[in-house]
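Read through the structure below, which is laid out as C-alpha coordinates, and then see the notes.
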Amino acid sequence: MVVMGSSSCCSVAVVGAVLVFVLVLDGADLCDGGKTSTFVRKVEKAADESADMPLDSDDFRVPPGCNAPQQVHITQGDHVGKGVIVSWVTPDETGSSEVLYWSKNSEHKKTAKGKVYRYQFYNYTSGYIQRCTLNNLMYNTKYYYEVGIGHTVQQFWSIAPPEVGPDVPYTSSLIGKLLIQTERSPITNRIHKKDRLLYVGDLSYADNYLDHDKVRWDTWGRFVERSVAYQPWILTAGNHELDFAPEIGENEPFMPFSHRYHVPYRASNSTAPFWYSIKRASAYIIVLSSYSAYGKDTPQYLWLQQELPKVNRTETPWLIVTMHSPWYNSYNYHYMEGETMRVMYESWFVKYKVDVVFAGHVHAYEQSPKYSAFREASFGHAIFDIKNRTHAYYSDYTSYLNSWHRNQDGYAAEADSMWFFNRIWHPIDDSTSV
Ligand SMILES: *[C@@H]1O[C@H](CO)[C@@H](O)[C@H](O)[C@H]1NC(C)=O
Ligand SMILES: *[C@@H]1O[C@H](CO)[C@@H](O)[C@H](O)[C@H]1NC(C)=O
Ligand SMILES: *[C@@H]1O[C@H](CO)[C@@H](O)[C@H](O)[C@H]1NC(C)=O
Ligand SMILES: *[C@@H]1O[C@H](CO)[C@@H](O)[C@H](O)[C@H]1NC(C)=O
(Lines give C-alpha, C1' and ligand atoms only; values in the text may rest on other atoms or scores of the structure.)
(Ligands and ions follow the chains in the order given, each with its own letter.)
Protein backbone atom coordinates (compact mmCIF):
# COMPACT_ATOMS: atom_id res chain seq x y z
CA MET A 1 0.00 0.00 0.00
CA VAL A 2 1.16 3.49 -0.71
CA VAL A 3 2.24 5.35 2.35
CA MET A 4 1.70 9.00 2.16
CA GLY A 5 4.38 10.73 4.17
CA SER A 6 3.10 13.47 6.40
CA SER A 7 0.48 14.87 4.13
CA SER A 8 -3.14 15.01 5.07
CA CYS A 9 -4.56 13.57 1.92
CA CYS A 10 -7.10 10.88 2.36
CA SER A 11 -8.36 9.63 -0.91
CA VAL A 12 -11.85 8.33 -0.93
CA ALA A 13 -12.85 6.56 -4.04
CA VAL A 14 -16.59 6.43 -4.12
CA VAL A 15 -17.75 5.17 -7.38
CA GLY A 16 -20.36 3.37 -9.37
CA ALA A 17 -21.11 0.52 -11.60
CA VAL A 18 -18.83 -0.20 -14.47
CA LEU A 19 -17.19 -3.36 -15.57
CA VAL A 20 -13.80 -2.92 -14.09
CA PHE A 21 -11.96 -5.73 -12.51
CA VAL A 22 -9.85 -4.51 -9.65
CA LEU A 23 -7.08 -6.71 -8.45
CA VAL A 24 -6.97 -6.78 -4.70
CA LEU A 25 -3.49 -6.56 -3.30
CA ASP A 26 -2.88 -7.82 0.14
CA GLY A 27 -2.23 -4.53 1.86
CA ALA A 28 -1.05 -6.21 5.03
CA ASP A 29 2.10 -7.40 3.33
CA LEU A 30 3.23 -3.93 2.48
CA CYS A 31 4.57 -1.53 5.08
CA ASP A 32 1.90 0.15 7.20
CA GLY A 33 -0.86 -1.20 5.05
CA GLY A 34 -3.81 -0.97 7.39
CA LYS A 35 -6.74 -3.21 6.71
CA THR A 36 -7.99 -4.68 3.48
CA SER A 37 -11.56 -5.86 3.49
CA THR A 38 -12.31 -9.47 2.71
CA PHE A 39 -14.99 -8.34 0.29
CA VAL A 40 -14.33 -9.52 -3.24
CA ARG A 41 -16.24 -7.91 -6.02
CA LYS A 42 -18.07 -10.31 -8.28
CA VAL A 43 -17.02 -10.31 -11.88
CA GLU A 44 -20.13 -8.95 -13.46
CA LYS A 45 -22.01 -10.27 -16.41
CA ALA A 46 -22.95 -7.63 -18.91
CA ALA A 47 -26.51 -8.86 -19.19
CA ASP A 48 -27.57 -8.44 -15.59
CA GLU A 49 -27.30 -5.52 -13.26
CA SER A 50 -24.78 -3.58 -15.26
CA ALA A 51 -26.83 -3.60 -18.42
CA ASP A 52 -27.99 -0.21 -19.58
CA MET A 53 -31.31 0.95 -18.33
CA PRO A 54 -33.51 1.19 -21.42
CA LEU A 55 -34.19 4.67 -22.70
CA ASP A 56 -37.90 4.20 -21.99
CA SER A 57 -37.19 3.25 -18.37
CA ASP A 58 -39.52 4.83 -15.86
CA ASP A 59 -36.57 6.55 -14.16
CA PHE A 60 -35.97 8.51 -17.34
CA ARG A 61 -39.61 9.46 -17.80
CA VAL A 62 -40.24 12.71 -19.66
CA PRO A 63 -42.55 14.92 -17.56
CA PRO A 64 -46.00 15.40 -19.10
CA GLY A 65 -47.23 18.77 -20.35
CA CYS A 66 -46.45 21.23 -23.08
CA ASN A 67 -42.74 22.00 -23.21
CA ALA A 68 -42.50 20.78 -19.61
CA PRO A 69 -39.19 21.61 -17.92
CA GLN A 70 -36.98 18.62 -17.32
CA GLN A 71 -33.50 17.89 -15.95
CA VAL A 72 -33.97 20.56 -13.30
CA HIS A 73 -30.84 21.00 -11.20
CA ILE A 74 -29.30 23.52 -8.85
CA THR A 75 -25.73 24.39 -7.96
CA GLN A 76 -24.30 27.01 -5.62
CA GLY A 77 -24.41 30.39 -7.33
CA ASP A 78 -21.87 32.47 -5.45
CA HIS A 79 -18.90 32.11 -3.14
CA VAL A 80 -20.71 32.12 0.20
CA GLY A 81 -23.96 30.24 -0.40
CA LYS A 82 -26.47 33.08 -0.79
CA GLY A 83 -26.92 32.39 -4.47
CA VAL A 84 -28.12 29.41 -6.41
CA ILE A 85 -27.98 28.62 -10.11
CA VAL A 86 -31.14 26.94 -11.39
CA SER A 87 -30.87 25.11 -14.70
CA TRP A 88 -33.31 23.04 -16.72
CA VAL A 89 -34.11 21.98 -20.24
CA THR A 90 -37.23 22.76 -22.22
CA PRO A 91 -37.55 20.20 -24.98
CA ASP A 92 -39.85 21.64 -27.65
CA GLU A 93 -39.48 25.39 -27.82
CA THR A 94 -37.45 28.16 -26.28
CA GLY A 95 -39.78 28.63 -23.32
CA SER A 96 -39.26 31.05 -20.48
CA SER A 97 -35.91 31.44 -18.71
CA GLU A 98 -37.57 33.01 -15.69
CA VAL A 99 -37.65 31.54 -12.23
CA LEU A 100 -40.31 32.54 -9.71
CA TYR A 101 -39.17 32.05 -6.13
CA TRP A 102 -40.22 32.87 -2.61
CA SER A 103 -39.19 31.94 0.89
CA LYS A 104 -41.32 29.68 3.01
CA ASN A 105 -42.71 32.49 5.14
CA SER A 106 -43.28 34.99 2.40
CA GLU A 107 -46.20 35.54 0.07
CA HIS A 108 -44.22 37.71 -2.26
CA LYS A 109 -42.94 35.89 -5.33
CA LYS A 110 -39.76 37.27 -6.84
CA THR A 111 -38.76 36.86 -10.45
CA ALA A 112 -35.26 36.22 -11.76
CA LYS A 113 -34.46 36.33 -15.43
CA GLY A 114 -32.12 33.80 -16.97
CA LYS A 115 -30.67 32.85 -20.33
CA VAL A 116 -31.31 30.12 -22.85
CA TYR A 117 -28.99 28.43 -25.33
CA ARG A 118 -28.46 25.16 -27.12
CA TYR A 119 -25.36 23.32 -28.16
CA GLN A 120 -24.46 20.87 -30.86
CA PHE A 121 -22.19 17.90 -30.52
CA TYR A 122 -21.60 15.91 -33.69
CA ASN A 123 -25.12 15.17 -34.92
CA TYR A 124 -26.86 15.85 -31.60
CA THR A 125 -28.58 19.13 -30.81
CA SER A 126 -29.49 19.75 -27.20
CA GLY A 127 -32.84 20.97 -25.98
CA TYR A 128 -33.21 24.55 -24.78
CA ILE A 129 -30.93 24.76 -21.79
CA GLN A 130 -32.13 27.38 -19.34
CA ARG A 131 -29.97 28.88 -16.68
CA CYS A 132 -30.97 31.44 -14.08
CA THR A 133 -29.16 32.68 -10.96
CA LEU A 134 -31.06 33.59 -7.81
CA ASN A 135 -29.11 35.99 -5.59
CA ASN A 136 -29.28 37.35 -2.05
CA LEU A 137 -31.11 34.41 -0.55
CA MET A 138 -31.36 34.21 3.21
CA TYR A 139 -29.26 31.58 4.91
CA ASN A 140 -30.94 28.53 6.40
CA THR A 141 -34.20 29.34 4.71
CA LYS A 142 -36.47 27.13 2.70
CA TYR A 143 -37.30 28.47 -0.73
CA TYR A 144 -39.83 27.36 -3.28
CA TYR A 145 -39.13 27.95 -6.92
CA GLU A 146 -41.03 27.51 -10.15
CA VAL A 147 -39.81 26.96 -13.68
CA GLY A 148 -41.65 26.50 -16.95
CA ILE A 149 -43.48 29.80 -16.60
CA GLY A 150 -46.06 30.26 -19.35
CA HIS A 151 -46.32 26.59 -20.24
CA THR A 152 -46.12 23.74 -17.79
CA VAL A 153 -45.14 25.19 -14.42
CA GLN A 154 -43.25 22.90 -12.08
CA GLN A 155 -42.48 23.66 -8.47
CA PHE A 156 -39.46 22.57 -6.43
CA TRP A 157 -37.88 23.66 -3.18
CA SER A 158 -34.48 23.91 -1.62
CA ILE A 159 -33.02 25.03 1.68
CA ALA A 160 -30.31 27.67 1.53
CA PRO A 161 -27.16 26.67 3.44
CA PRO A 162 -26.27 28.01 6.89
CA GLU A 163 -24.24 31.17 7.19
CA VAL A 164 -20.51 30.70 6.83
CA GLY A 165 -18.88 30.43 10.25
CA PRO A 166 -16.42 28.39 12.28
CA ASP A 167 -18.68 26.14 14.33
CA VAL A 168 -21.54 25.63 11.95
CA PRO A 169 -22.24 21.91 11.61
CA TYR A 170 -22.38 20.75 8.06
CA THR A 171 -23.14 17.38 6.56
CA SER A 172 -22.21 16.40 3.07
CA SER A 173 -22.78 13.26 1.10
CA LEU A 174 -20.02 12.07 -1.17
CA ILE A 175 -20.59 10.29 -4.39
CA GLY A 176 -18.89 9.79 -7.67
CA LYS A 177 -19.98 8.12 -10.85
CA LEU A 178 -22.61 6.20 -8.98
CA LEU A 179 -25.51 7.17 -11.08
CA ILE A 180 -24.54 5.49 -14.23
CA GLN A 181 -27.45 4.44 -16.25
CA THR A 182 -27.41 0.80 -15.41
CA GLU A 183 -29.98 -1.40 -13.80
CA ARG A 184 -28.25 -1.02 -10.48
CA SER A 185 -28.39 2.73 -10.35
CA PRO A 186 -31.74 3.09 -8.58
CA ILE A 187 -30.20 1.50 -5.50
CA THR A 188 -28.16 4.58 -5.01
CA ASN A 189 -31.14 6.87 -5.08
CA ARG A 190 -31.72 6.49 -1.38
CA ILE A 191 -28.86 8.86 -0.74
CA HIS A 192 -30.79 11.61 -2.41
CA LYS A 193 -32.71 12.91 0.54
CA LYS A 194 -29.49 13.67 2.34
CA ASP A 195 -27.83 17.03 2.62
CA ARG A 196 -25.69 18.70 -0.01
CA LEU A 197 -23.65 16.54 -2.22
CA LEU A 198 -20.01 16.52 -3.16
CA TYR A 199 -19.76 14.81 -6.49
CA VAL A 200 -16.27 13.66 -7.30
CA GLY A 201 -16.75 13.35 -11.01
CA ASP A 202 -18.03 11.18 -13.83
CA LEU A 203 -21.65 12.07 -14.38
CA SER A 204 -23.66 10.59 -17.23
CA TYR A 205 -21.16 8.34 -18.99
CA ALA A 206 -22.71 9.49 -22.25
CA ASP A 207 -19.23 9.27 -23.74
CA ASN A 208 -19.42 5.48 -23.46
CA TYR A 209 -22.04 5.38 -26.20
CA LEU A 210 -21.61 5.49 -29.95
CA ASP A 211 -20.63 8.98 -31.07
CA HIS A 212 -20.92 10.04 -27.42
CA ASP A 213 -24.68 9.78 -27.77
CA LYS A 214 -25.75 12.87 -25.90
CA VAL A 215 -29.25 11.55 -25.34
CA ARG A 216 -27.68 9.86 -22.33
CA TRP A 217 -26.99 13.29 -20.84
CA ASP A 218 -30.73 13.95 -21.06
CA THR A 219 -31.79 10.67 -19.52
CA TRP A 220 -29.24 11.13 -16.76
CA GLY A 221 -30.47 14.67 -16.16
CA ARG A 222 -34.03 13.42 -15.73
CA PHE A 223 -32.84 10.58 -13.53
CA VAL A 224 -30.97 12.72 -11.00
CA GLU A 225 -33.53 15.55 -10.92
CA ARG A 226 -35.20 13.96 -7.89
CA SER A 227 -32.08 14.89 -5.92
CA VAL A 228 -30.34 17.76 -7.61
CA ALA A 229 -33.47 19.89 -8.03
CA TYR A 230 -33.63 20.05 -4.23
CA GLN A 231 -30.03 20.10 -3.07
CA PRO A 232 -27.13 21.73 -4.85
CA TRP A 233 -24.44 19.36 -5.97
CA ILE A 234 -20.82 20.43 -5.81
CA LEU A 235 -19.44 19.14 -9.07
CA THR A 236 -15.97 17.99 -9.97
CA ALA A 237 -15.13 17.16 -13.57
CA GLY A 238 -14.09 13.57 -14.29
CA ASN A 239 -12.59 11.91 -17.32
CA HIS A 240 -16.06 10.98 -18.56
CA GLU A 241 -16.90 14.67 -18.78
CA LEU A 242 -14.06 15.34 -21.22
CA ASP A 243 -15.94 14.29 -24.37
CA PHE A 244 -12.86 15.03 -26.42
CA ALA A 245 -13.57 13.36 -29.78
CA PRO A 246 -11.50 14.80 -32.64
CA GLU A 247 -12.41 11.77 -34.76
CA ILE A 248 -15.92 13.18 -35.07
CA GLY A 249 -14.79 16.80 -35.10
CA GLU A 250 -15.35 17.56 -31.42
CA ASN A 251 -12.21 19.24 -30.12
CA GLU A 252 -13.46 21.26 -27.18
CA PRO A 253 -12.91 19.40 -23.90
CA PHE A 254 -15.81 19.29 -21.43
CA MET A 255 -18.21 20.85 -23.94
CA PRO A 256 -21.48 19.06 -23.04
CA PHE A 257 -20.66 19.13 -19.31
CA SER A 258 -19.87 22.82 -19.18
CA HIS A 259 -22.94 23.73 -21.20
CA ARG A 260 -25.23 21.77 -18.93
CA TYR A 261 -23.77 22.17 -15.45
CA HIS A 262 -22.83 25.53 -14.05
CA VAL A 263 -20.63 26.46 -11.15
CA PRO A 264 -19.82 29.89 -9.67
CA TYR A 265 -16.18 29.82 -10.72
CA ARG A 266 -15.90 33.53 -11.35
CA ALA A 267 -16.86 34.21 -7.73
CA SER A 268 -13.52 32.70 -6.70
CA ASN A 269 -11.69 34.50 -9.49
CA SER A 270 -11.14 31.33 -11.44
CA THR A 271 -10.98 31.62 -15.20
CA ALA A 272 -12.59 28.26 -15.97
CA PRO A 273 -15.44 26.22 -14.48
CA PHE A 274 -13.25 23.19 -13.80
CA TRP A 275 -11.38 24.62 -10.82
CA TYR A 276 -13.04 26.90 -8.31
CA SER A 277 -13.87 27.27 -4.64
CA ILE A 278 -16.93 27.84 -2.50
CA LYS A 279 -17.61 28.27 1.17
CA ARG A 280 -20.31 26.27 2.88
CA ALA A 281 -20.95 26.64 6.59
CA SER A 282 -17.60 25.87 8.27
CA ALA A 283 -16.00 24.40 5.17
CA TYR A 284 -13.92 25.91 2.42
CA ILE A 285 -14.16 23.63 -0.58
CA ILE A 286 -11.64 23.74 -3.40
CA VAL A 287 -12.48 21.82 -6.56
CA LEU A 288 -9.60 20.92 -8.87
CA SER A 289 -9.50 19.47 -12.37
CA SER A 290 -7.39 16.39 -12.98
CA TYR A 291 -7.99 16.82 -16.72
CA SER A 292 -7.04 20.46 -17.19
CA ALA A 293 -3.47 21.65 -17.32
CA TYR A 294 -1.99 21.94 -13.83
CA GLY A 295 1.73 22.36 -14.53
CA LYS A 296 3.74 25.35 -13.47
CA ASP A 297 2.27 28.68 -14.56
CA THR A 298 -0.87 27.16 -16.05
CA PRO A 299 -4.11 28.97 -15.17
CA GLN A 300 -5.08 26.29 -12.65
CA TYR A 301 -1.65 26.40 -11.00
CA LEU A 302 -1.65 30.18 -10.71
CA TRP A 303 -5.17 30.18 -9.36
CA LEU A 304 -4.48 27.55 -6.69
CA GLN A 305 -1.28 29.32 -5.70
CA GLN A 306 -3.26 32.47 -4.94
CA GLU A 307 -6.24 30.63 -3.54
CA LEU A 308 -4.69 28.61 -0.73
CA PRO A 309 -3.26 31.54 1.26
CA LYS A 310 -6.69 33.26 1.11
CA VAL A 311 -8.45 30.61 3.14
CA ASN A 312 -9.23 32.06 6.56
CA ARG A 313 -9.32 29.12 8.93
CA THR A 314 -10.90 31.23 11.64
CA GLU A 315 -13.90 31.71 9.42
CA THR A 316 -13.86 28.28 7.71
CA PRO A 317 -11.84 25.81 9.81
CA TRP A 318 -12.28 22.94 7.38
CA LEU A 319 -10.31 22.98 4.15
CA ILE A 320 -11.57 20.29 1.80
CA VAL A 321 -10.27 19.58 -1.69
CA THR A 322 -11.98 17.46 -4.32
CA MET A 323 -10.52 16.13 -7.54
CA HIS A 324 -11.29 13.20 -9.74
CA SER A 325 -8.06 11.23 -10.01
CA PRO A 326 -6.68 10.28 -6.57
CA TRP A 327 -3.06 11.06 -5.68
CA TYR A 328 -2.84 7.88 -3.69
CA ASN A 329 -4.16 4.67 -5.10
CA SER A 330 -2.76 1.26 -4.38
CA TYR A 331 -4.99 -0.60 -6.83
CA ASN A 332 -3.56 -1.56 -10.19
CA TYR A 333 -6.30 0.16 -12.15
CA HIS A 334 -5.55 3.87 -12.71
CA TYR A 335 -2.35 3.33 -10.76
CA MET A 336 -0.31 6.53 -10.42
CA GLU A 337 -2.51 8.53 -12.78
CA GLY A 338 -2.69 11.26 -10.15
CA GLU A 339 1.04 11.25 -9.54
CA THR A 340 2.10 14.27 -11.57
CA MET A 341 -0.56 16.45 -9.97
CA ARG A 342 0.53 15.19 -6.56
CA VAL A 343 4.10 16.20 -7.34
CA MET A 344 2.94 19.68 -8.32
CA TYR A 345 0.60 20.42 -5.42
CA GLU A 346 1.12 18.15 -2.46
CA SER A 347 3.65 20.37 -0.71
CA TRP A 348 1.10 23.20 -0.87
CA PHE A 349 -1.54 20.99 0.69
CA VAL A 350 0.83 20.14 3.53
CA LYS A 351 1.85 23.77 4.00
CA TYR A 352 -1.72 25.05 4.06
CA LYS A 353 -2.93 22.11 6.14
CA VAL A 354 -5.66 20.74 3.92
CA ASP A 355 -7.88 18.59 6.13
CA VAL A 356 -9.19 16.08 3.66
CA VAL A 357 -9.06 15.28 -0.03
CA PHE A 358 -11.88 13.41 -1.74
CA ALA A 359 -11.26 11.77 -5.08
CA GLY A 360 -13.06 9.28 -7.28
CA HIS A 361 -11.99 7.55 -10.46
CA VAL A 362 -10.86 4.22 -9.03
CA HIS A 363 -13.74 1.79 -8.78
CA ALA A 364 -12.90 0.77 -5.28
CA TYR A 365 -12.52 2.38 -1.89
CA GLU A 366 -9.43 3.40 -0.06
CA GLN A 367 -8.40 5.64 2.82
CA SER A 368 -4.82 6.67 3.05
CA PRO A 369 -2.91 6.14 6.30
CA LYS A 370 -3.10 6.91 9.08
CA TYR A 371 -6.75 7.68 9.62
CA SER A 372 -8.05 4.30 8.61
CA ALA A 373 -5.81 2.76 5.98
CA PHE A 374 -8.80 0.80 4.83
CA ARG A 375 -9.30 -0.54 1.35
CA GLU A 376 -11.95 -2.58 -0.38
CA ALA A 377 -12.53 -3.66 -3.96
CA SER A 378 -15.99 -2.20 -3.95
CA PHE A 379 -17.50 1.22 -4.21
CA GLY A 380 -20.26 3.15 -2.59
CA HIS A 381 -21.09 6.44 -0.99
CA ALA A 382 -20.32 8.21 2.24
CA ILE A 383 -21.31 10.97 4.62
CA PHE A 384 -18.84 13.55 5.91
CA ASP A 385 -20.31 15.15 8.96
CA ILE A 386 -18.62 18.27 10.33
CA LYS A 387 -19.58 18.64 13.99
CA ASN A 388 -17.62 21.75 14.92
CA ARG A 389 -14.24 23.34 14.27
CA THR A 390 -12.29 20.43 15.72
CA HIS A 391 -14.23 17.27 14.86
CA ALA A 392 -15.77 15.74 11.78
CA TYR A 393 -17.17 12.24 11.59
CA TYR A 394 -17.04 10.14 8.52
CA SER A 395 -20.42 8.59 9.22
CA ASP A 396 -23.94 9.52 10.16
CA TYR A 397 -25.87 7.63 12.75
CA THR A 398 -28.99 9.64 12.29
CA SER A 399 -29.75 8.06 8.97
CA TYR A 400 -29.84 4.66 7.40
CA LEU A 401 -26.49 5.49 5.92
CA ASN A 402 -23.42 4.94 7.98
CA SER A 403 -20.14 6.22 6.68
CA TRP A 404 -18.87 4.66 3.55
CA HIS A 405 -21.24 2.17 1.96
CA ARG A 406 -20.98 -0.38 -0.70
CA ASN A 407 -23.37 -0.14 -3.65
CA GLN A 408 -22.45 -3.43 -5.09
CA ASP A 409 -24.74 -5.86 -3.44
CA GLY A 410 -27.69 -3.57 -3.16
CA TYR A 411 -27.60 -3.09 0.58
CA ALA A 412 -25.73 -0.72 2.81
CA ALA A 413 -22.78 -2.35 4.47
CA GLU A 414 -20.79 -0.16 6.75
CA ALA A 415 -17.18 -0.66 5.89
CA ASP A 416 -15.19 2.22 7.30
CA SER A 417 -15.81 5.10 9.63
CA MET A 418 -13.66 7.38 11.72
CA TRP A 419 -13.22 10.77 13.32
CA PHE A 420 -11.32 13.44 11.47
CA PHE A 421 -9.55 16.09 13.49
CA ASN A 422 -9.07 19.54 12.13
CA ARG A 423 -5.45 20.21 11.29
CA ILE A 424 -5.51 23.80 12.54
CA TRP A 425 -7.80 23.55 15.55
CA HIS A 426 -7.04 20.05 16.77
CA PRO A 427 -3.75 19.00 15.22
CA ILE A 428 -2.63 15.46 15.88
CA ASP A 429 0.61 13.90 14.77
CA ASP A 430 -0.41 11.37 12.19
CA SER A 431 2.77 11.32 10.18
CA THR A 432 3.71 7.94 8.80
CA SER A 433 6.94 6.59 7.53
CA VAL A 434 7.79 3.76 5.19
C1 LIG B 1 -25.98 10.25 -35.44
O2 LIG B 1 -25.11 9.41 -36.12
C3 LIG B 1 -25.20 8.02 -35.77
C4 LIG B 1 -24.21 7.24 -36.58
O5 LIG B 1 -22.95 7.83 -36.56
C6 LIG B 1 -26.62 7.52 -36.02
O7 LIG B 1 -26.73 6.20 -35.54
C8 LIG B 1 -27.62 8.40 -35.31
O9 LIG B 1 -28.94 8.00 -35.63
C10 LIG B 1 -27.42 9.85 -35.69
N11 LIG B 1 -28.33 10.68 -34.91
C12 LIG B 1 -28.97 11.71 -35.44
C13 LIG B 1 -29.81 12.49 -34.47
O14 LIG B 1 -28.90 12.01 -36.61
C1 LIG C 1 -11.48 38.24 -6.58
O2 LIG C 1 -10.67 39.32 -6.98
C3 LIG C 1 -11.18 40.58 -6.57
C4 LIG C 1 -10.32 41.65 -7.21
O5 LIG C 1 -8.96 41.37 -7.02
C6 LIG C 1 -11.18 40.65 -5.05
O7 LIG C 1 -11.74 41.86 -4.60
C8 LIG C 1 -12.04 39.50 -4.52
O9 LIG C 1 -11.98 39.48 -3.10
C10 LIG C 1 -11.58 38.18 -5.06
N11 LIG C 1 -12.52 37.16 -4.64
C12 LIG C 1 -12.13 36.04 -4.05
C13 LIG C 1 -13.23 35.12 -3.63
O14 LIG C 1 -10.98 35.74 -3.84
C1 LIG D 1 -10.78 35.79 9.35
O2 LIG D 1 -12.11 35.56 9.74
C3 LIG D 1 -12.40 36.09 11.02
C4 LIG D 1 -13.81 35.61 11.39
O5 LIG D 1 -14.71 35.88 10.36
C6 LIG D 1 -12.27 37.60 10.97
O7 LIG D 1 -12.55 38.15 12.24
C8 LIG D 1 -10.86 37.96 10.55
O9 LIG D 1 -10.76 39.36 10.38
C10 LIG D 1 -10.50 37.27 9.25
N11 LIG D 1 -9.09 37.47 8.99
C12 LIG D 1 -8.66 38.03 7.86
C13 LIG D 1 -7.17 38.11 7.72
O14 LIG D 1 -9.43 38.40 6.99
C1 LIG E 1 -16.81 19.15 18.95
O2 LIG E 1 -17.45 17.94 18.61
C3 LIG E 1 -16.95 16.82 19.27
C4 LIG E 1 -17.65 15.60 18.71
O5 LIG E 1 -19.03 15.76 18.74
C6 LIG E 1 -17.14 16.96 20.78
O7 LIG E 1 -16.59 15.83 21.44
C8 LIG E 1 -16.46 18.22 21.23
O9 LIG E 1 -16.74 18.42 22.61
C10 LIG E 1 -16.97 19.40 20.43
N11 LIG E 1 -16.25 20.59 20.81
C12 LIG E 1 -16.86 21.65 21.30
C13 LIG E 1 -15.97 22.80 21.67
O14 LIG E 1 -18.07 21.69 21.47
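Atoms within a ligand are numbered from 1 in the order they appear, just like the ligands themselves.
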Run the ring-centre check on Phe421 versus His391 and record whether the distance is less than 6.0 Å. yes
Interfacing atoms of ligand 4 (cut-off 4.0 Å, heavy-atom, Thr390): 1 (C)
Record the part of Asp167 in heavy-atom contact with ligand 4 below 4.0 Å; permitted values are side chain, backbone, both and neither. neither
Side chains of Ser268 and Glu307: is there a donor and an acceptor less than 3.5 Å apart? no
Check: Trp233 ring centre within less than 6.0 Å of Tyr261 ring centre: no
Would you mind checking if Arg342 and Glu339 are paired as a salt bridge, meaning a charged N to carboxylate O distance below 4.0 Å? yes
Touching ligand 2 at all, Ala267? Heavy atoms, strictly under 4.0 Å? yes
Please assess Tyr284 against His79 for the test side chain to side chain contact (heavy atoms under 4.5 Å, CB included), listing each intermediate value before the final yes or no. CA-CA 10 Å; Tyr284 199 100; His79 205 232; 3.3 Å; yes
Look at atom 4 (C) of ligand 2 and say which protein heavy atom is nearest, naming residue and atom and giving the distance to 0.1 Å. Asn269 ND2, 4.5 Å
With a 4.0 Å cut-off on heavy atoms, does Trp419 reach ligand 4? yes
Do protein heavy atoms approach atom 13 (C) of ligand 4 to less than 4.0 Å? no
Compute the ring centroids of Phe274 and Trp303, then answer whether they are less than 6.0 Å apart. no
Going by the order shown, which atoms of ligand 2 are within less than 4.0 Å of some heavy atom of His79? 13 (C)
So is Asn388 polar-close to ligand 4, meaning N/O to N/O under 3.5 Å? yes
Donor-acceptor contact below 3.5 Å, side chain Glu241 vs main chain Gly238: yes
Name the closest protein heavy atom to atom 3 (C) of ligand 3, giving the residue it belongs to and the distance to 0.1 Å. Asn312 ND2, 3.6 Å
Heavy-atom side-chain contact between Tyr230 and Trp157 under 4.5 Å: yes
Any N/O of Lys310 closer than 3.5 Å to an N/O of ligand 2? yes
For atom 7 (O) of ligand 4, grab the closest protein heavy atom and report residue, atom and distance to one decimal in Å. His391 NE2, 4.4 Å
